[in-house]
Protein chains: 2
Amino acid sequence: MKLSDGVEAAIHCAAVLAQLNGEATLPGSALAELHGLSPSYLLKHLQALTAAKILESIPGPNGGYRLAKAPERISLLDIVLAVEGHQPAFRCGEIRQRGPGALEAEAYVKPCGIKVAMLKAERAWRAVLAETKLSQIVSGYEADADPRAVAFNCAFIARHQRPQGETSLKKSK
Amino acid sequence: MKLSDGVEAAIHCAAVLAQLNGEATLPGSALAELHGLSPSYLLKHLQALTAAKILESIPGPNGGYRLAKAPERISLLDIVLAVEGHQPAFRCGEIRQRGPGALEAEAYVKPCGIKVAMLKAERAWRAVLAETKLSQIVSGYEADADPRAVAFNCAFIARHQRPQGETSLKKSK
DNA sequence: ATATCCAGGATAGAGAATATCCACGATAGG
DNA sequence: CCTATCGTGGATATTCTCTATCCTGGATAT
């Protein structure tokens, strides 16, 4: 069992976008550069997050990505499901209905006990992810990470973010 | 994210072996036939369970598999880890150490907050699996499954199990 | 000795995840 | 109106794991 690598990248990106000012956006290429990831591949995951209404995308020059809602309302589960899909990790193949001794399909009204137990464990996993919000990740980062890393991140965001709404400040460089 | 199919087969097999009498064993080929699975492939998973000390194997004619300990002392987590390996589902790629603002490795003493959150969720998943014992799966099966299926299973086991310890009863067929 | 069974390595094949590329539509700015 | 920038989405190649099978060798009861 393995979560796809895209999950990690997606959470990191969402955490960065949570630090933008107001309606500002950040282009996908900047997110890729900041994390040292391939732009072409990262865009796929950003699109998945956009389709899941976690991010918003603004096309055109001065466009980019931003969060679609407050970081307190985005959970890690939202992000994981957007990237990984909604299928449970345990897929019951109904082995009990195979082999000699198999009965008609109608005989299997009660769900397989093994499936029930596995899905119960998965619900516990999802519950923890659901109560962990993006805002907690961000404040944890700002509190625990090396101040130099935080400062660099902050400056990088300030340098690349695009203010939205009106034609306003000129980018200094 | 997806659990390998072997997990489902392994749990079913363990549940069947839990229904054996005393020290009796059941050959891997019988387990494969009972579940309608390929013997060659199922053996791989049975070997993994044996290596994890969940099953015991007896070589030679009259040999086979049996549980290595009481079903109350075998959890679903034991089986899942034996088949899937002990690596967590979320592997932190230390994305935070990549990209332009990366610092020296010594600057990252505190673990990544994202990793911590993901592993916490995984611990919750494992905790539920750890407290679900094979004995519960078996009694749940005997209580909920179609009586005909239970009877067939029981008869199949009686027909194929191999009593151990002494040269005793002759198999009727 | 022989037949039965498990152990474990070698080896394909299938399918998913990873990684790129390109044509297209949208939009801000000149 | 033209152009440069940016996201969308499809097509494609590559890599890797899981799935599945086979075969040799070792152990053991008859």
Side-chain angles (χ1 to χ4, degrees), chain A residues 1-10 13 17 25-33 36-51 55-66 68 83-85 87 89 91 93 160-171, chain B residues 1-10 13 17 24-33 36-52 55-66 68 83-85 87 89 91 93 160-171:
Chain A
M1 180 182 54
K2 181 175 170 299
L3 255 66
S4 90
D5 293 345
V7 170
E8 186 182 3
C13 287
L17 292 177
T25 66
L26 203 60
S29 56
L31 284 169
E33 183 194 342
L37 300 171
S38 136
S40 338
Y41 188 48
L42 183 59
L43 284 184
K44 284 281 181 275
H45 298 306
L46 294 177
Q47 281 174 31
L49 294 176
T50 306
L55 302 186
E56 274 177 358
S57 67
I58 310 292
N62 224 29
Y65 292 94
R66 69 180 167 214
V83 174
E84 285 278 329
Q87 279 201 313
R91 272 92 133 171
H160 289 89
Q161 73 177 350
R162 316 287 182 76
Q164 296 296 318
E166 71 289 336
T167 306
S168 48
L169 3 157
K170 195 129 199 135
K171 294 198 301 299
Chain B
M1 181 181 54
K2 182 176 170 297
L3 255 67
S4 91
D5 292 345
V7 170
E8 186 182 3
C13 288
L17 293 177
T25 66
L26 204 60
S29 57
L31 283 168
E33 183 193 344
L37 300 172
S38 137
S40 342
Y41 187 48
L42 183 60
L43 284 184
K44 284 282 179 273
H45 297 307
L46 295 176
Q47 282 173 33
L49 295 176
T50 306
L55 302 187
E56 275 176 357
S57 66
I58 311 291
N62 224 28
Y65 292 95
R66 69 180 167 214
V83 174
E84 286 276 331
Q87 279 202 315
R91 272 93 134 171
H160 289 90
Q161 73 177 349
R162 313 288 182 75
Q164 295 296 317
E166 71 291 336
T167 306
S168 49
L169 2 158
K170 195 125 201 142
K171 294 199 301 297

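Heavy atoms only: backbone and side chains are in, while hydrogens, waters and symmetry mates are out. So that the names make sense, note that chain A is the first sequence line, chain B the second, and so on, each numbered from 1.
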To the nearest Å, give me how far apart [atom1] ([X]) and [atom2] ([N]) are.
X	N	atom1	atom2	answer
Leu3(B)	dT19(D)	CG	C1'	15 Å
Gln47(A)	dC6(D)	CD	P	16 Å
Leu31(B)	dC6(C)	CG	C1'	13 Å
Asp5(B)	dG15(C)	CG	P	12 Å
Leu55(A)	dT8(D)	CG	C1'	14 Å
Arg162(B)	dC5(C)	CZ	C1'	8 Å
Ile58(A)	dA28(C)	CD1	P	9 Å
Leu43(A)	dC24(C)	CG	P	19 Å

| Would you say Tyr41(B) reaches dT19(D)'s phosphate, i.e. side-chain N/O to OP1/OP2 under 4.0 Å? | yes
| Short side-chain N/O contact from Ser4(A) to OP1 or OP2 of dA16(C), under 4.0 Å | no
| message | Tell me whether Glu8(B) contacts the main-chain N or O of Gly93(A) through its side chain, where contact means a donor paired with an acceptor under 3.5 Å. | response | yes
| Can you find a donor-acceptor N/O pair under 3.5 angstrom joining the side chain of Lys44(A) to the base of dG10(D)? | yes
| said: Go nucleotide by nucleotide along DNA chain D from the 5' end; which of Ser38(B) and Pro59(A) gets its closest nucleotide reached first? | reply: Pro59(A)
| remark: Gly6(B) and Val83(B) have their tightest heavy-atom pair at C-CG1, 3.9 Å
| note | By the Watson-Crick or G-U definition, both distances under 3.5 Å, dC2(D) is matched with dG29(C)
| Is Leu46(A) touching bases, backbone alone, or none of the nucleic acid, heavy atoms closer than 4.0 Å? | nothing
| request: Quick one: label Ser57(A) by what it contacts on the DNA or RNA (base, sugar-phosphate, nothing), any heavy atom closer than 4.0 Å. | output: sugar-phosphate
| field | Pairwise 5' ranking along DNA chain C for Pro39(A) and Gly60(A), keeping only the more 5' one | value | Pro39(A)
| said: Here's a test of your reading of the structure: between Pro61(A) and His45(A), which maps to the more 5' nucleotide of DNA chain C? | reply: His45(A)
| field | Test item: Tyr65(A) and Leu26(A) side chains (from C-beta on) under 4.5 Å apart, heavy atoms | value | no
| message | Do Thr25(B) and Gln164(B) have side chains that approach each other closer than 4.5 Å (heavy atoms only, starting at C-beta)? | response | yes
| request: Report the distance from atom OG of Ser29(B) to atom CG of Leu42(B), rounding to the nearest 0.5 Å. | output: 10.0 Å
